[in-house]
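Right, one structure below, let's go through it.
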Amino acid sequence: MDYSLKINSLVLAASFSTWLALPQAAQAQTAPATLTGTAVDGGAKAEPLAFATVLLRRAEVADTSLVTSTQTSLTGAFELNKVPAGTYRLRIQALGYQGLVQAVRVAPGQTTLALGTLKLRAGTQQLAEVKVTGQQAVMQQELGKTVINVEKDLSSVGGTAVNVLENVPSVAVDASGTVSLRGSSNLTILIDGKPAGTSNGGPGPRLDQIPASQIAQVEVMTNPSAKYDASGTGVINIITKKNKKEGWNGQAALVVGTRDKYSPSLSLSRHHGKATWNLGYDGQDQQYRTNNRSAQTALLPEGGSLYTTQEGLGNQHSRNHTLNLGLNYELTKEQTLSLSVQPHYEHQTEIVNNTLTQQAVGSPTVTTQVGQEINNVKVSVIESSADYRHTWEAHKGRELTANAGMVNIDANIPVSQLLTGGTAPAGFRQQQKVQAQIYFGQVDYTLPSADNKGKLETGVRMQALRNSGSTALFAPTANPEDDFVRDENRSFDYSFTQVMPAAYATYQRTLAHGWSAQGGLRSEGTFLNGSVADGRANVNRSYISLFPSATVARELGKEPGQSRLQFSYARRLNRPDFMQQLPIQLYQDPRNYRQGNPNLLPEFSHNLELGHQLNLAGGTSLTATVFARFTQSAIQRIRTIDTLATRISNVGVVTQETFQNLGSTTNLGLEMTWAQPLAKWWRVSASGSLFRSEIAANALNTANRAALAGSARLSNNFTPRKGLDVQLTGNIRSTVLTAQGRVLPTGGLDLALRQRLFSDRAALTLRVSDLLNTQVRRVQLATPELQTSLYSKYETRVGWLGFTWYIGATKAKAGRIDAAPSGGGGFGG
C-alpha cells in the first residue's frame with residue numbers, strides 16, 4: 001500500500017540538498033566528478049567484498065550530511081556519480097568487517113577520481129553512524145516507538161502485517177485479524193505516514209491483506225505527539241519497501257503454504273533522470289480450516305434455564321489481488337511530486353457446517369438442529385493519492401509538504417444459514433452492501449530555528465467519510481420448500497457523513513546538559529450526521545476537542561543514545577463510529593445481533609509514559625517503559641438476553657450486543673525488552689509486558705474489575721554457516737479481562753530458516769508457524785443471566801516455502817545484476 005513513496009522523496013532530497021548548497025556560479029563552471037574504487041578483504045587472499053555499503057559524507061564541521069551512497073558489485077567495485085568539488089569522508093561497511101573511513105577531496109574541474117583498492121580488516125562492525133545496515137535488529141526499541149524490521153523477521157514469511165504485529169509487546173491479534181494495543185482495538189493506521197483506507201476489523205482492505213513481503217518496517221507509537229491523529233490508544237505506521245538505485249530494481253516472490261495456500265508478489269521500480277516509476281502486484285489464494293464451539297446457559301424470561309450449544313466446522317477461501325502504481329518526479333531541485341494509485345479486489349467465501357442443540361436444564365429432551373452457513377464477501381477498493389514536497393536550499397530543514405487523496409470502497413456481503421430439525425425451519429439470509437468514500441488532505445510545514453537547536457512543526461488536515469449502505473434480512477417460511485421472505489422490520493438502508501478537521505502545532509528544542517523537550521497542541525473536530533432511509537433512526541453528533549502532548553528527555557551517557565531517560569504525556573480519543581450509535585438490529589447469526597447506542601459518548605484518556613533506554617558495549621540493549629492510561633467514559637461491549645426475540649424465535653436464546661459508557665478506568669503497566677549477541681552465530685532478543693487492566697463494569701454492575709495481564713516473546717536467531725539463517729520464536733499471552741468475562745491464555749512456537757542463493761541474488765525460506773498447534777481463542781462470559789464458553793480454532797499450524805528473486809541493475813558488468821534492491825529482499829518474502 002504505497003501511497004506516496006515518501007521515503008524515495010526524502011532520500012532523493014537528501015542527495016540533492018548538498019549539490020544545491022554550492023553557489024550557482026560554481027555549479028555552472030564545475031562539472032561533478034565520478035569516484036571509483038574496489039573494496040577487498042584485508043587478508044592475504046584479498047577477496048572482493050560484494051554488497052558492501054559505501055557512504056560519502058561532507059567533511060565540514062558544520063555539515064556532515066550524506067551526499068550519496070551505493071553498494072559494491074560482486075567484484076567489490078563501486079562507483080559514486082555526480083560528486084561536486086569539495087572535501088568528504090568516505091565510509092565502507094561490510095558484514096563481519098571493521099568500517100573503513102578515508103578522507104577524499106575532489107578538486108574544482110576534476111571529473112574522475114580513482115580511489116584504488118580499499119582493504120577492510122575483519123572484526124566487529126560498528127553501526128553507530130548508519131542505522132539501517134546488514135545487522136539491523138528485528139525489533140528496535142525507541143522511547144515511545146517500537147520499530148519492527150520485517151526484513152529481518154523470519155516469523156513473517158508467508159504472512160501479513162498481522163503476523164508482524166503479533167511480535168510486538170502489548171499488541172494482541174484476535175481470530176478476525178483485529179489488532180489491539182494495550183487492550184484497545186481503537187488504533188490509527190498509517191501507510192508511509194499518511195492516512196490509509198486500511199481498517200482494523202471493518203470494511204476495506206485489512207491488515208491481514210497486506211503481505212509482509214512488501215513491508216520494510218512497522219512503527220508502533222504508543223504515545224504519539226500532537227502531530228498525529230488523536231484517535232486511538234496509539235499509531236501504527238506501516239512503511240513499505242522502496243527502491244532507490246538507478247535502472248530496474250525490485251523482487252519477485254512466490255510463497256506456498258500447506259493445504260492450498262499461495263502468495264505470489266512482484267515489485268518493480270525504474271529510476272531514470274528525474275522520475276522513479278513503481279509497479280507492484282500482490283496476490284493471495286489461500287484456504288483455511290476453522291473449528292468453532294460454544295456452550296451457553298441462560299435464564300429464560302418465564303423462569304428456568306436453557307442450555308444451548310453450537311458447533312461449526314468450516315472452510316475459508318480467500319482470494320486477493322492488489323496492484324500498486326506510482327510515480328515520483330523531481331519538478332525542480334527543491335520540489336518533488338509523487339502520484340500513486342492502488343486498486344484492490346478481495347473475494348472471500350466461507351462455508352460452515354453447524355450443529356445446534358438446546359435443552360431445558362433438568363429436562364432430558366434435547367432438540368438438535370443442523371444447517372450450513374455460507375458467507376460470500378466481495379470487496380473492491382481503489383486508493384489514490386498525490387504528494388508534494390518543497391525544501392529550501394538557503395534554509396536547511398525548512399520544509400513544506402502536502403498530501404491529498406481518496407479511498408473508494410465497494411463491498412457486497414451476502415450471508416445465509418438454514419437450520420432444520422426443530423419444530424419449524426429456522427435460519428436467515430442477509431444481504432449487506434457498503435459504498436464508502438474517504439477523502440483526505442493535509443498540509444505540514446517545518447521551520448527550524450536560526451541556531452538549529454529548535455524546530456516548529458505545524459499543519460492542518462481534513463478528512464471526510466461518506467458511507468451509504470443497506471442490510472436486508474430474509475426469514476424462512478413455515479414451508480421448507482418456499483423461498484425466504486424479506487423481513488421489513490430487520491431490513492434498512494442507511495447513509496451518513498463524517499467530517500473531521502484538525503490542526504496542530506508542536507515545538508521541540510535541544511537544551512543544555514543533555515536535556516531536550518517537545519510540546520504540542522492538537523485540535524480535532526467531529527461532525528457526524530446520518531440516518532436510516534425510512535426515518536426509523538438517526539445519529540447526529542458534533543464536538544471539538546483539544547489534545548495536548550509533551551515530551552521531556554535527558555541523555556545520561558557520554559554519547560547520544562547510550563543512556564536515555566524520557567517522559568511523555570498525551571491526551572487521546574476513542575471516537576464511536578456510526579454503526580456503534582445506530583439503534584437498529586444487525587443480526588450476525590440467528591442467535592445473536594448487534595445494536596448501536598444513540599447515547600454513546602466519545603471516550604477520552606490521559607496517557608503517560610516513563611522510559612529508559614540503555615545501550616551497552618557488545619551490542620546489548622535494554623529498554624524499560626512504565627505506562628499509565630486514565631480513561632473517562634470508558635466504552636465497553638455488553639451482551640444481554642433479548643427476552644422478546646427469545647420468546648418468539650425457534651433457535652433458543654437470542655442475545656443482543658451493544659456499547660455503553662461505563663465509567664472511568666485506570667490501567668498501569670511495565671514493558672521491557674532485551675537484545676544481546678551471545679556468540680558470533682547466536683543472537684537473542686526478549687520482550688515482555690505486565691499491566692494492570694481495569695474494566696469499568698461487569699454485567700452493568702457499578703463495581704470495576706481489575707486483574708494483572710501480561711505477554712512475553714523470546715526470539716533466537718542463529719547463523720550456523722554463511723548464508724543460512726535460523727530463527728526460533730516463542731510467545732505467550734496471559735488471561736485478559738473483557739467487560740463481561742475474560743479471554744483465556746494462548747501462545748505458540750514458530751521455526752523458520754532462510755538460505756541465501758546465487759551470491760545473494762535469491763533466497764529460499766522455510767517456515768512452520770505454530771509448530772505445536774497451540775494457538776487457540778477461548779472466551780468466557782459470566783453474568784447473572786448468561787454463562788457462556790466460546791472456543792475458536794483457526795488453522796494456525798502451516799508450513800510455508802518461499803522463493804524470492806531480487807532484481808537489480810548496476811554498471812559493473814553488462815547483463816549482471818548487482819544486488820537486492822534497497823529495502824527489499826528480507827525475511828518477509
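For reference, positions follow the sequence shown, starting with 1. Worth saying up front: this structure is predicted, and the values here are computed from it rather than measured.
The CZ atom of Arg105 sits 10.5 Å away from the OH atom of Tyr88 when rounded to the nearest 0.5 Å. With rounding to the nearest 0.5 Å, the separation of CG in Leu614 from OG1 in Thr620 is 9.0 Å. Distance check, rounded to the nearest 0.5 Å: CZ of Phe630 to CD of Glu694 gives 10.0 Å. Atom CD1 of Ile732 sits about 12.0 Å away from atom CG of Leu714, to the nearest 0.5 Å. Taken to the nearest 0.5 Å, the OG1 atom of Thr72 stands 8.5 Å off from the CZ atom of Phe78. Annotation: the span from Leu622 atom CG to Trp674 atom CH2 amounts to 8.5 Å, rounded to 0.5 Å.
Taking the side chain as every heavy atom from C-beta outward, Phe691 and Phe627 approach each other to under 4.5 Å. Put simply, the side chain of Thr70 does not reach to within 4.5 Å of the side chain of Glu79, judged on heavy atoms. Under the 4.5 Å side-chain criterion, counting only non-hydrogen atoms from C-beta, Leu90 is in contact with Leu118. Counting heavy atoms from C-beta outward, Val552 and Trp515 have side chains that approach closer than 4.5 Å. Side-chain atoms of Thr804 and Thr765, non-hydrogen and from C-beta on, never get closer than 4.5 Å to each other. Counting heavy atoms from C-beta on, the side chains of Asn237 and Ile239 come closer than 4.5 Å.
Scanning all heavy atoms of the two residues, the minimum distance from Ser568 to Asn223 falls at OG-ND2, 3.0 Å. Here the closest heavy-atom approach between residue Ser563 and residue His612 is recorded as OG-NE2, 3.0 Å. Nearest approach of Pro448 to Thr446, heavy atoms of both residues: CD-O, 4.0 Å. Between Pro84 and Val106, the closest heavy-atom pair is O-CB, 3.9 Å. Scanning all heavy atoms of the two residues, the minimum distance from Ile92 to Ala39 falls at CG2-CB, 4.2 Å. Counting all heavy atoms, side chain and backbone alike, Thr401 lies closest to Arg389 at CG2-CG, 4.0 Å.
Panel note: side chain Thr87, backbone Ala59; no donor-acceptor pair is recorded below 3.5 Å. For the pair Thr506 (side chain) and Gly520 (backbone), a donor-acceptor distance under 3.5 Å is absent. Between the side chain of Arg522 and the backbone N or O of Lys227 there is at least one donor-acceptor pair closer than 3.5 Å. When atom types are taken as modelled, the side chain of Arg554 and the backbone of His513 share a donor-acceptor pair closer than 3.5 angstrom. Judged by distance alone, with hydrogens and angles left aside, the side-chain atoms of Arg692 form a donor-acceptor pair with the main-chain N or O of Thr666 at under 3.5 Å. Put simply, the side chain of Arg571 gets close to the backbone of Leu546: a donor and an acceptor are under 3.5 Å apart. In this structure a side-chain-to-backbone donor-acceptor pair under 3.5 Å is missing from Ser516 to Arg509. In this structure, the side chain of Gln755 engages the main chain of Gly723 through a donor-acceptor pair within 3.5 Å.
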Checklist entry - Do Asp229 and Ser231 pass the side-chain hydrogen bond (donor to acceptor under 3.5 Å, both in side chains) test, and can you show the C-alpha distance, the side-chain angles, and the key distance before you say yes or no? => result CA-CA 5 Å; Asp229 286 350; Ser231 179; over 6 Å; no

Next on the checklist: Apply side-chain hydrogen bond (donor to acceptor under 3.5 Å, both in side chains) to residues Gln442 and Asp444 and explain how you reach the verdict.
Outcome noted: CA-CA 7 Å; Gln442 183 164 337; Asp444 298 282; 3.1 Å; yes

Next on the checklist: As a quick check of understanding, evaluate side-chain contact (heavy atoms from CB on, under 4.5 Å) for Arg398 and Tyr445, giving each step before the final call.
Outcome noted: CA-CA 8 Å; Arg398 183 183 176 192; Tyr445 179 68; 2.9 Å; yes

Item to check | Stepwise side-chain contact (heavy atoms from CB on, under 4.5 Å) check, Thr673 with Thr625 | outcome: CA-CA 9 Å; Thr673 65; Thr625 304; over 6 Å; no

Checklist entry - Going through the distances and angles, do Ser549 and Ser225 end up as a side-chain hydrogen bond (donor to acceptor under 3.5 Å, both in side chains)? => result CA-CA 6 Å; Ser549 68; Ser225 71; 5.2 Å; no

Checklist entry - Going through the checks in order, is the side-chain hydrogen bond (donor to acceptor under 3.5 Å, both in side chains) test met by Gln727 and Asn717? => result CA-CA 5 Å; Gln727 180 174 314; Asn717 293 74; 3.0 Å; yes

Checklist entry - Should Leu751 and Val726 be marked as a side-chain contact (heavy atoms from CB on, under 4.5 Å) after you check the CA-CA gap, both sets of side-chain angles, and the distance that decides it? => result CA-CA 8 Å; Leu751 176 65; Val726 181; 4.3 Å; yes

Checklist entry - side-chain contact (heavy atoms from CB on, under 4.5 Å) between Leu556 and Leu565: does it pass, once the steps are laid out? => result CA-CA 7 Å; Leu556 304 176; Leu565 185 68; 4.2 Å; yes

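Ring geometry, His606 versus Tyr569: the interplanar angle falls under 30°, so the pair is classed parallel (tilted spans 30 to 60°).
Of the candidates Leu113, Leu80, Val83, Val104 forms a side chain to side chain contact (heavy atoms under 4.5 Å, CB included) with just one, namely Leu113.
Around the CH2 atom of Trp682, the shell of radius 6.0 Å holds no more than 12 heavy atoms that belong to other residues, nucleotides or ligands.
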